[in-house]
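Below you'll find the structure, written out as structure tokens, and then a few comments.
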Protein chains: 2
Amino acid sequence: MATRSTAEAQRTGGRTDAASMRRANTGLILRHLRDQGGRSRARLAAETGLSKATMSTLIAELVERGLVVEGQPDRAGAVGRPGLTVTLDGRGVCGLGVEISVDYLSLIAVDLSGTVIRESTRPIDAANLPAADVIARVADLLGETLASLRSAGVRCVAITVAAPGFADSDTGIVRLASNLGWRDVALVDDLKQSLGQEVPPISAQHDAKLGAVAELAQLAGRDVEDLLYISGDVGVGGGIISGGQIMRGAKGSAGEIGHLPLDPAGRQCACGRRGCWETMVGLAAFLRLAADEADPVRNPGRPLEDRLRELHRRAEDGDERTLSALATVAEGLGAGVSILVDILDPLLVVLGGYFAWFEEWLIAPVADLVVERRLNPDTEVCRVVGSSLGLTSAARGGAHYSIDRVFQDPSVVSS
Amino acid sequence: MATRSTAEAQRTGGRTDAASMRRANTGLILRHLRDQGGRSRARLAAETGLSKATMSTLIAELVERGLVVEGQPDRAGAVGRPGLTVTLDGRGVCGLGVEISVDYLSLIAVDLSGTVIRESTRPIDAANLPAADVIARVADLLGETLASLRSAGVRCVAITVAAPGFADSDTGIVRLASNLGWRDVALVDDLKQSLGQEVPPISAQHDAKLGAVAELAQLAGRDVEDLLYISGDVGVGGGIISGGQIMRGAKGSAGEIGHLPLDPAGRQCACGRRGCWETMVGLAAFLRLAADEADPVRNPGRPLEDRLRELHRRAEDGDERTLSALATVAEGLGAGVSILVDILDPLLVVLGGYFAWFEEWLIAPVADLVVERRLNPDTEVCRVVGSSLGLTSAARGGAHYSIDRVFQDPSVVSS
DNA sequence: CCGAGTTAGTTCGCAGTTTGGCCTAATTCG
DNA sequence: CGAATTAGGCCAAACTGCGAACTAACTCGG
């Protein structure tokens with residue numbers, strides 16, 4: 001069986017040498033500290049299977065690189081010499097994620113422990129600007145952030161750009177992003193050009209895939225390896241995590257779930273077909289169901305958050321029309337989710353985007369439908385939850401995807 | 001991001017030591033020889049990135065273990081000392097796969113180069129026998145085969161049993177196999193008990209997943225890492241290969257594609273829902289469409305192969321009813337396949353089971369539907385082909401899955 | 001207050017692995 | 001037949017992780 005090369009294998013071209021060994025083991029320790037929390041060298045050795053001697057030298061290297069610190073005594077009061085707790089301390093390094101959306105650019109930086117250390121959002125009218133201008137704004141935002149991080153003494157290890165469309169993660173070219181009107185835009189190369197030589201590696205990824213990464217990071221240490229993230233926007237996108245890895249697909253477009261043909265007699269979709277899932281549960285469908293055209297919540301000039309807030313208030317107030325719209329969306333959502341659950345068998349389904357805003361009315365009915373339609377009544381059914389990450393989950397996922405390099409290979413951050 | 005432990009990491013509990021390093025590198029060489037064919041040490045060293053010195057010692061180990069042989073001179077006629085071609089020669093080791101089907105047991109053994117060295121099929125009426133009796137017959141078949149292999153000097157490195165249902169690959173328990181009437185059967189443990197101590201490791205896997213593995217093995221070296229296999233039997237099952245790995249899912253049931261609700265007004269399905277995909281394109285549906293109840297092809301007493309052969313003849317003869325049934329099945333098949341292609345983005349869709357028997361009438365219409373429904377007209381569309389492996393693909397996949405251990409870690413075969 | 005017992009972490013020699021350089025072997029070319 | 005070229009083996013060097021011995025720091029019981 002062929003095996004897609006991992007980050008580690010790529011560095012050496014598939015072979016394993018002494019340096020790979022060390023990289024793999026330091027990465028293992030770092031991941032263990034992230035997932036299980038700080039602990040003594042002795043415990044780390046016992047839990048990872050490495051010897052105490054090796055642990056000492058590897059921890060020394062990680063301290064040297066500024067990725068962990070020695071802290072308070074462990075097990076105070078217990079018999080024997082107390083161990084010194086080793087804790088993740090990656091305040092000196094960070095990963096960056098930028099999301100290019102139709103109406104805003106959003107940037108997030110997280111440090112090694114997953115803490116958000118920079119966050120900014122800028123409105124933009126991406127659909128009506130040439131791609132070059134949008135990229136220039138992204139470059140500006142990145143340039144400023146990098147400068148600010150540099151002066152704060154924080155190194156950025158990688159940048160991941162979330163693009164709302166088919167992004168070829170090898171070449172960094174966005175093949176097609178219909179909401180932006182993009183086609184074959186060399187996003188990564190253009191950004192590299194604008195930012196100059198001294199810039200961390202940049203990659204591009206589909207936004208929903210990064211949303212899934214963000215949710216996975218949120219659950220770090222809880223042994224979730226199979227997860228489906230569904231982004232609810234004008235389009236409906238999916239990010240699939242299988243066995244702890246993002247599912248790419250042959251052309252990088254796995255997870256395109258917005259066009260499930262669920263209603264043969266349904267409305268015309270932008271893709272040309274009829275009755276696609278997103279014509280039933282996408283943001284446009286919800287707004288159409290919930291309000292008349294003249295209603296301010298359907299005014300595309302107003303910020304989306306305001307309009308959603310207003311609709312949320314109406315739902316809380318028991319407005320019939322809003323509640324019925326939510327019920328309709330929930331039904332369509334449940335139908336699609338239960339199909340996906342059958343095929344993909346995730347442990348967890350996370351509803352993001354606007355779905356998360358209305359989780360009080362959407363989650364329960366969707367979860368019920370999944371239970372009702374499950375095939376094997378014995379097995380535990382997968383959970384359905386709303387995302388808690390808001391509208392910036394793709395940027396956050398990009399940041400986590402970036403910082404993940406360090407957990408795969410701590411030597412990327414030079415001491 | 002959590003990463004499901006690989007076979008290699010499992011051996012050492014996640015850490016990497018010198019022995020892991022050697023295992024990884026010998027495995028790399030073996031896979032390279034399998035995928036790229038025999039070649040000299042010098043070429044191997046250049047292509048894998050290992051040094052010539054290392055290559056010498058590792059090849060020596062592989063020769064010692066009886067997995068490769070030195071053969072004819074390479075590059076005869078060219079300038080310089082000709083290299084000796086090193087070739088895979090695993091005639092001394094094999095992997096075993098057994099498929100438990102409703103009406104037959106099927107066993108296949110493949111050696112290291114993928115050649116089938118044992119093949120046998122026994123009829124069985126599995127649905128009307130207690131699980132214990134079925135397992136006893138499987139144990140008989142395995143016992144005889146193992147004895148025969150032993151006397152031929154061939155070592156069996158592992159056994160993989162294809163079960164037609166939810167199989168927990170960790171515990172070896174078949175949770176639910178509705179066609180057999182099985183529920184929580186400790187398949188692997190019972191087999192181990194029957195076969196005694198001196199037996200290779202046994203594992204159980206869903207049959208469609210192993211079908212996908214068989215197809216992947218068929219394509220070894222052709223850089224296919226994302227593949228969808230669809231088995232057409234009474235039920236319709238799927239096996240997903242993503243990034244070169246079988247997609248398991250959280251509970252091991254990823255790929256359950258038979259119950260896509262494609263026709264809300266459709267027929268009642270055995271699962272309790274209505275209009276599931278397999279009620280449209282499963283074997284039962286095809287037979288129902290193609291012949292009256294009294295027709296001998298619908299007599300469940302006759303061997304399935306005979307009945308399919310008869311229907312194939314009718315289709316070749318241009319029989320209206322048969323052709324119209326095939327057209328209907330093709331339409332339903334295309335609808336489902338294009339959904340799956342959207343979600344999973346495979347490079348290749350392989351239709352197995354009875355679909356493969358009728359590929360002349362099914363492939364083209366299905367492929368056309370996939371093309372017609374694709375989302376992004378720029379990208380190359382995925383190919384749809386019929387399986388060439390016949391009804392034994394699950395057993396074959398099990399055999400390949402078994403022998404794959406050696407490619408991951410050649411040290412499993414002791415010299 | 002003190003010694004025994006216990007646990008943490010370091011040091012050091014050892015075994016295993018890959019590597020680069022050097023050598024020999026085998027072939028072609030002129 | 002000698003020069004050039006390529007393959008493959010051998011060996012010391014560098015690096016890794018490991019086990020054992022050792023030191024350090026603490027608790028417990030008398």
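Just so we're clear, the structure is a prediction, and the values are computed from it rather than from any experiment. Numbered from 1 within each chain, the chains take letters A, B, ... in sequence-line order. Values below: all heavy atoms of this structure, side chains included; hydrogens, waters and symmetry mates excluded.
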Exercise. Roughly how many Å is it from CZ in A/Arg22 to C1' in C/dG16, rounded to a whole number?
Worked result: 16 Å
For this session: By nearest nucleotide on DNA chain C, pick out whichever of A/Leu84 and A/Thr16 is the more 5' one.
Result: A/Leu84
Exercise. Would you say B/Ser56 reaches D/dG9's phosphate, i.e. side-chain N/O to OP1/OP2 under 4.0 Å?
Worked result: yes
Exercise. Can A/Ser411 and A/Asp409 be counted as having a side-chain donor-acceptor contact under 3.5 angstrom?
Worked result: yes
Problem set entry | Protein-nucleotide distance (A/Arg39, atom CZ; C/dA8, atom P), rounded to Å | 13 Å
Exercise. Which atom pair, heavy atoms only, marks the closest approach of B/Asp223 to B/Leu347?
Worked result: O-CD2, 4.3 Å
For this session: Calculate the interatomic distance between B/Lys52 atom NZ and C/dC22 atom P; express it in whole Å.
Result: 13 Å
For this session: Would you kindly compare A/Pro82 and A/Glu61 by the position of their nearest DNA chain D nucleotide and give the one closer to the 5′ end?
Result: A/Glu61
Exercise. Base, sugar-phosphate alone, or nothing: which one does A/Ala53 contact when heavy atoms must sit under 4.0 Å apart?
Worked result: base
Exercise. For the side chain to side chain contact (heavy atoms under 4.5 Å, CB included) test, which of A/Ile202, A/Ile159, A/Thr160 pairs with A/Val188?
Worked result: A/Ile202
Exercise. A/Leu58 CG to C/dG9 P: how many Å, rounded?
Worked result: 14 Å
Problem set entry | Stepwise salt bridge (Lys or Arg N to Asp or Glu O under 4.0 Å) test for B/Arg41 and B/Glu70 | CA-CA 10 Å; B/Arg41 290 167 175 78; B/Glu70 239 173 22; 2.5 Å; yes
Exercise. Tell me: CZ of A/Arg81 to P of D/dC28, nearest whole Å?
Worked result: 18 Å
Exercise. Under 4.0 Å between a side-chain N or O of A/Ser51 and OP1 or OP2 of D/dG19?
Worked result: no
Exercise. Hey, is the side chain of A/Arg23 poking within less than 4.0 Å of OP1 or OP2 on D/dT16, counting only N and O atoms?
Worked result: no
For this session: Take the protein atom CD1 of B/Ile59 and the nucleotide atom P of C/dT18, then report the distance between them rounded to whole Å.
Result: 12 Å
Exercise. Taking only side-chain nitrogens and oxygens of B/Asn25, does any of them come within less than 4.0 Å of OP1 or OP2 of C/dT17?
Worked result: no
Seminar exercise, completed: Here the distance between atom C1' of C/dA8 and atom CG of A/Leu50, to the nearest Å, is 17 Å
Exercise. Using a cut-off of less than 4.0 Å, is there contact between a side-chain N or O of B/Thr54 and OP1 or OP2 of C/dT19?
Worked result: yes
Exercise. Taking atom C1' of D/dG19 as reference, at what distance in whole Å does atom CE of A/Met55 sit?
Worked result: 15 Å
